[in-house]
Participant: 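Sharing a structure below in structure tokens format, with a few things to ask.
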There are 2 protein chains.
Amino acid sequence: MDVALFLSRFDNKVDRKGRVSVPAPYRTALAGQAFAGIVAYPSLVSQAIDACDMARIEELANGIDSFNPFSEEYSAFATAILSRSHQLQFDGEGRVVLPEPLIRHAGITEVATFAGQGATFQIWSPERYEVYEPEATEQAKEQAAKFALSRHKGADE
Amino acid sequence: MDVALFLSRFDNKVDRKGRVSVPAPYRTALAGQAFAGIVAYPSLVSQAIDACDMARIEELANGIDSFNPFSEEYSAFATAILSRSHQLQFDGEGRVVLPEPLIRHAGITEVATFAGQGATFQIWSPERYEVYEPEATEQAKEQAAKFALSRHKGADE
DNA sequence: CATAATATACCATGGTATCCCATGCGATCC
DNA sequence: GGATCGCATGGGATACCATGGTATATTATG
């Protein structure tokens, strides 16, 4: 099927119940999924929340399961990612509640910043994102050439 | 059909009869199974309880190594696990009683920590899990690159 | 066979998350 | 430029779920 594509940046308010509106364009991208919501987990590299659709997590789980299920690697990946990921269901208005552990990991308080990453998106504290974005941009410039070379590796059409 | 997918972490209380609520999302994931409950056995790598649905244990018993390439050693593992596994049936409220041997193996007392592992989940003593989780996360970070390479192996669209 | 001990089924309750309705702002379209 | 629609936001009611307790069945035991 068509994979969801997440673009742009959105800053939405977190109400006192911990609810945030998932940006409407993201919800549109997610339309037609079996599960009406998103899956979120702490990023392994950033102080941010990584999020994607259910299908992607299933893929991930299958990938992990292809290891020896009784190995340490299996256990480590499953624990690091799957046990820390949360299924967040949309309410009638397209909101989700951000679980406490994720809120803490990302340092989110009043506002959550949604940043599209293509097949996934991230949720940041605005303050931290303001710092991170220029850094990432700079880094991207430096590695632009290298990136271009690997880009077509997984082309499948 | 769709395999159960267990995510997130839940800390539930063990009452003085040894009962624990299996987290509602897990029960939902297990819905539709022939056996209304779970199968639990001591983890071979961790001081925790491994648990899954009946269907997965049957696969294990049949030696169907769909999730694992090393089938020889694997069947030995399967045997070791089968003899020590317990069928835990839900009561009307979705609870199970944790058998004494498993309780001891995992060092569980007041509270049981459920940790989703994808096709399976684990049950920990919270204290031990607090130690293990950061270790596993660290290990996963180190091996993330390696994992990324094998991830697209099972792409299915 | 009677009685005690244990485990299973059934019922009650409080806290919490989810559902539902209301509002306001901003963009868009006549 | 005014009206309408979409979307983010807020709050109150409701259902769900974890938890504790009581009654009944089941097994052990003297």
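Every chain is numbered from 1 and lettered A, B, ... according to where its sequence line falls, protein lines coming before strand lines. Excluded from the calculations below are hydrogen atoms, water molecules and symmetry mates; all remaining heavy atoms, backbone and side chain alike, are included.
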Participant: Base, sugar-phosphate, or nothing for R19(A), non-hydrogen atoms under 4.0 angstrom?
Facilitator: base
Participant: Side chain to side chain donor-acceptor pair (under 3.5 Å) with Y129(B): which residues, sequence neighbours excluded?
Facilitator: S83(A)
Participant: Under the ring pair (Phe, Tyr, Trp, His ring centres under 6.0 Å) definition, can you give me all pairs with a residue in residues 21-62 of chain B, not counting sequence neighbours?
Facilitator: F6(B)-Y26(B), F10(B)-Y26(B), Y26(B)-F121(B)
Participant: Taking side chain to side chain donor-acceptor pair (under 3.5 Å) as the cut-off, I'd like each qualifying pair that reaches into residues 108-120 of chain B, sequence neighbours left out, listed once.
Facilitator: T79(A)-Q117(B), D11(B)-T113(B)
Participant: Any chance you could measure I123(A), atom CD1, to D50(A), atom CG, to the nearest 0.5 Å?
Facilitator: 9.0 Å
Participant: According to side chain to side chain donor-acceptor pair (under 3.5 Å), who are the partners of E100(B), at least two apart in sequence or on a separate chain?
Facilitator: R104(B)
Participant: 5' to 3' on DNA chain C, which nucleotides open and close the contacts with chain B (atom under 4.0 Å from a heavy atom)?
Facilitator: dT8(C) to dC11(C)
Participant: Quick one, which residues of residues 84-104 of chain B touch DNA chain D with a heavy atom under 4.0 Å?
Facilitator: E93(B), R95(B)
Participant: For K13(B) and for V14(A), locate the closest nucleotide of DNA chain D by heavy-atom distance; then report the residue assigned to the nucleotide nearer the 5' terminus.
Facilitator: V14(A)
Participant: When the nearest nucleotide of DNA chain D is assigned to K17(B) and to P23(B) on a heavy-atom basis, which residue is associated with the more 5' position?
Facilitator: P23(B)
Participant: Taking only Lys NZ, Arg NE, NH1 and NH2, and the carboxylate oxygens of Asp or Glu, determine whether R56(B) and D65(A) approach each other closer than 4.0 Å.
Facilitator: yes
Participant: In terms of side-chain geometry, is the basic nitrogen of E130(B) or R9(B) positioned less than 4.0 Å from the acidic oxygen of its partner?
Facilitator: yes
Participant: Minimum heavy-atom separation for D15(A) to R95(A), with atom names?
Facilitator: OD2-NH1, 4.2 Å
